[in-house]
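What follows is a single structure, written as structure tokens, with notes after it.
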There are 2 protein chains.
Amino acid sequence: MILLEVIKSLSNQTRLSILEWLKEPFAHFPAEELADYSPDLGVCVSDIAKKAGMSVPTVSVYLKTMLAANILIATRKDQWTYYKRNEQSIQELARHIKDNL
Amino acid sequence: MILLEVIKSLSNQTRLSILEWLKEPFAHFPAEELADYSPDLGVCVSDIAKKAGMSVPTVSVYLKTMLAANILIATRKDQWTYYKRNEQSIQELARHIKDNL
DNA sequence: TGCAAATTTAGGGAATTACCTAAATATCTA
DNA sequence: TAGATATTTAGGTAATTCCCTAAATTTGCA
């Protein structure tokens with residue numbers, strides 16, 4: 001884990017919020033959009049962009065940044081890319097800060 | 001704790017390194033400079049700046065940023081300002097990421 | 001094949017951050 | 001009080017980040 005990369009991927013309010021929204025999708029996204037939601041997949045880019053009130057390209061890049069830091073997991077299915085949290089990496093981050101920072 | 005503020009204060013390699021150096025001052029600063037070192041106080045600004053290879057003003061601002069985020073503790077003594085880690089806050093950060101992020 | 005929907009990639013302006021030097025301030029000491 | 005040392009504040013340039021629109025790509029489907 002490259003700590004600086006992970007921290008940078010979280011050093012923006014929108015990206016931090018996305019991570020929180022994905023913790024409980026049903027609490028943050030309209031039910032229609034989650035019609036065929038699965039915890040395996042997560043939420044697609046355009047739904048996240050709508051929630052963030054930002055353009056799809058901006059959010060797409062944000063998600064890729066977090067994916068590169070291994071904080072999110074992406075799955076392409078048909079024409080959608082779904083993102084979910086990487087709970088293991090988030091716990092690893094907490095552990096790393098606790099023990100090594 | 002304002003998570004974003006804390007994360008931003010750590011989102012720079014130099015600031016991250018400073019936090020690590022302060023974990024074990026004797027492993028990272030010349031013994032002469034630590035002649036009257038005390039864990040209560042920590043290390044002074046100019047010693048940290050020298051170690052970082054950066055100007056004193058830059059490092060002074062960096063340290064203030066981390067102080068504002070409550071990740072460091074500052075003590076003014078005579079004409080020196082000493083900085084040490086705020087271990088409690090660092091553990092609180094780890095806990096916050098573990099439980100709330 | 002060809003259109004439609006979702007996403008990604010490119011390109012660019014605005015805002016923020018990085019980091020410097022110079023100047024101002026604080027504090028000790030002669 | 002004057003000088004020396006440490007730090008902070010101010011001010012500026014360069015690099016990076018933010019976040020947009022336009023264009024290109026991917027994939028499903030008629």
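Within every chain, numbering begins at 1; the chains are lettered A, B, ... in the order of the sequence lines, protein sequences first and strands thereafter. Just so it is clear, the values below take in all heavy atoms, side chains as well, and ignore hydrogens, waters and symmetry mates.
- Residue B:Trp80 contributes atom CH2, which lies 8 Å from atom C1' of C:dC28 at whole-angstrom precision.
- Heavy-atom minimum distance, A:Tyr82 versus A:Leu41: CB-O, 3.2 Å.
- Summarising the geometry, the separation between OH on A:Tyr82 and P on C:dT8 is reported as 13 Å, rounded to the nearest angstrom.
- Identified under the side chain to side chain donor-acceptor pair (under 3.5 Å) test for residues 39-60 of chain A, with sequence neighbours left out: A:Glu33-A:Lys50, A:Ser55-A:Thr58.
- Looking at heavy atoms from C-beta onward, B:Val45 lies out of side-chain contact with B:Trp80 at the 4.5 angstrom threshold.
- Look at B:Arg15 and you won't find any side-chain N or O under 4.0 angstrom from OP1 or OP2 of C:dT17.
- Remark: P of D:dC18 and CG of A:Leu16 are 12 Å apart, rounded to the nearest angstrom.
- Distance CG (A:Leu63) to C1' (C:dT9): 15 Å, rounded to an integer number of Å.
- Across A:Thr14 and A:Met54, no two heavy atoms sit closer than the pair OG1-CE, 3.5 Å.
- Across the protein-nucleic acid pair, B:Leu67 atom CG and D:dT7 atom P stand 14 Å apart, rounded to whole Å.
- In this pair, A:His28 and A:Trp21 present their aromatic rings tilted. The plane angle is within the 30 to 60° band.
- For D:dT8, one of the phosphate oxygens OP1 or OP2 lies less than 4.0 angstrom from a side-chain nitrogen or oxygen of B:Thr81.
- In terms of phosphate contacts, A:Lys64 brings a side-chain nitrogen or oxygen within less than 4.0 Å of OP1 or OP2 of C:dT9.
- Rounded to an integer number of Å, the gap from CD1 of A:Ile7 to C1' of D:dT17 is 17 Å.
- Looking at residues two or more places apart in sequence or on another chain, you find a side-chain hydrogen bond (donor to acceptor under 3.5 Å, both in side chains) between B:Asp99 and B:Arg95.
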Can you give me the N/O atom pairs linking the protein to nucleotides 19-29 of chain D at distances under 3.5 Å, or say none if there are none?
unit_1: D:dC19; atom_1: OP2; unit_2: A:Tyr62; atom_2: OH; d: 2.4
unit_1: D:dC20; atom_1: OP2; unit_2: A:Ser55; atom_2: N; d: 3.1
unit_1: D:dC20; atom_1: OP2; unit_2: A:Ser55; atom_2: OG; d: 2.7
unit_1: D:dC20; atom_1: OP2; unit_2: A:Thr58; atom_2: OG1; d: 2.7
unit_1: D:dG28; atom_1: OP1; unit_2: A:Asp78; atom_2: OD1; d: 3.2

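- Residues from residues 18-41 of chain B that place a heavy atom under 4.0 Å from any atom of DNA chain D: there are none.
- Rounding to whole angstrom units, NZ of residue B:Lys50 and P of D:dT5 are separated by 13 Å.
- Distance from the side chain of B:Ser60 is smallest to D:dT9 among D:dT9, C:dT8, C:dT17.
- Every residue meeting the side-chain hydrogen bond (donor to acceptor under 3.5 Å, both in side chains) condition with B:Glu87, not counting sequence neighbours, appears here in chain and number order: B:Arg85.
- Atom pair A:Lys8:NZ and D:dA15:P shows a separation of 15 Å (rounding to whole Å applied).
- Looking only at side-chain heavy atoms (C-beta outward), A:Asn12 and B:Ile7 stay at 4.5 Å or farther from each other.
- Residues satisfying the side-chain hydrogen bond (donor to acceptor under 3.5 Å, both in side chains) criterion with A:Ser89, sequence neighbours excluded, are A:Asn70, A:Asn86.
- For D:dT17, neither phosphate oxygen OP1 nor OP2 lies less than 4.0 angstrom from any side-chain nitrogen or oxygen of A:Ser11.
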